[in-house]
Amino acid sequence: MKSNKENLYANIYEIVRLIPEGKVTTYGAIAKAIGLGSGARVVGYAMNASHTENVPAHRVVNRNGQLTGKHHFPHATTMEDLLKKEGVKVVADQIVDFEQHFWDPASLEGEI
DNA sequence: AGCATGACGATCG
DNA sequence: GCGATCGCCATGC
């Protein structure tokens with residue numbers, strides 16, 4: 001495996017796309033899943049570029065369960081609206097029972 | 001080639 | 001417990 005940066009972003013997009021409805025994950029978890037380990041910022045940067053892809057970036061939050069990237073959506077309420085629509089309760093830009101809705105991408109790192 | 005920035009995370013004070 | 005700082009990796013100028 002070389003430094004396939006495209007593959008890197010592709011991995012991120014693929015993992016985010018595989019997030020089940022009503023589930024969420026963190027930037028750090030994705031970063032670790034793709035091998036960056038501590039490249040959570042890179043994941044966030046990838047999300048910023050993911051607007052061109054059909055990626056449910058609204059299911060990705062920071063490790064506190066806060067909707068830190070809500071301002072990057074078409075509407076500031078788009079993110080929490082989509083999450084609520086999928087069954088995830090959001091209060092004060094924060095996911096309720098975050099660990100209950102948390103989904104670990106490592107669960108299918110062997111299925112990709 | 002070096003500096004600055006970012007949808008983060010962890011540690012230090 | 002909270003605020004500030006450093007580290008991490010990739011991108012832009």
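In what follows, chains carry the letters A, B, and so on, assigned in the order in which the sequence lines appear, proteins first and then strands, with residues in each chain numbered from 1. Every value quoted in this text rests on a predicted model; they were computed, and no experiment measured them.
OP1 or OP2 of dC8(B) has at least one side-chain nitrogen or oxygen of Thr68(A) nearer than 4.0 Å.
Nearest to the side chain of Tyr45(A), among dG9(B), dA7(B), dT11(C), sits dT11(C). For Leu8(A), taking side-chain heavy atoms from C-beta onward, the closest of the listed nucleotides dA10(C), dA7(B), dC8(C) is dA10(C). Among the nucleotides dC9(C), dA7(B), dG6(B), the one closest to the side chain of Arg41(A) is dG6(B). Closest to the side chain of Asn62(A), from the set dC8(B), dA7(B), dA10(C), is dC8(B). Distances were taken from every side-chain heavy atom of His72(A) (C-beta onward) to each of dC8(C), dA7(B), dC9(C); the shortest belongs to dA7(B).
Using a 4.0 Å heavy-atom distance criterion, Ala57(A) is classed as a base contact.
Taking atom CG on Leu36(A) and atom P on dG7(C), their separation rounds to 19 Å, with Å as the unit. Atom CE of Met47(A) and atom P of dT5(B) are 23 Å apart (whole Å). Phe98(A) has its CZ atom 9 Å from the P atom of dG9(B), to the nearest Å. Whole-Å rounding puts the Ile12(A) CD1 to dC9(C) P distance at 14 Å. Between Asn48(A) atom CG and dA7(B) atom C1' the separation is 7 Å, expressed in whole Å. Rounding to whole angstrom units, CD1 of residue Ile34(A) and C1' of dA10(C) are separated by 11 Å. The distance from atom CD of Gln94(A) to atom P of dC8(B) is 14 Å, rounded to the nearest whole Å. Gln66(A) has its CD atom 12 Å from the C1' atom of dA7(B), to the nearest Å.
In this structure a side-chain-to-backbone donor-acceptor pair under 3.5 Å is missing from Thr26(A) to Asn62(A). The closest donor-acceptor contact from the side chain of His101(A) to the backbone of Gly22(A) lies under 3.5 Å.
Here the closest heavy-atom approach between residue Val61(A) and residue Gln66(A) is recorded as CB-O, 3.4 Å.
Here dC2(C) sits opposite dG13(B) as a Watson-Crick or G-U wobble pair (both hydrogen-bonding atom distances under 3.5 Å). Pairing of dT11(C), defined by two Watson-Crick or G-U wobble distances under 3.5 Å, is identified with dA4(B).
With salt bridges taken as basic N to acidic carboxylate O contacts below 4.0 Å, none links Lys89(A) and Asp97(A). Residues Lys23(A) and Glu86(A) are not paired through a salt bridge, judged by the lack of any N-O separation under 4.0 Å between the basic side chain and the carboxylate.
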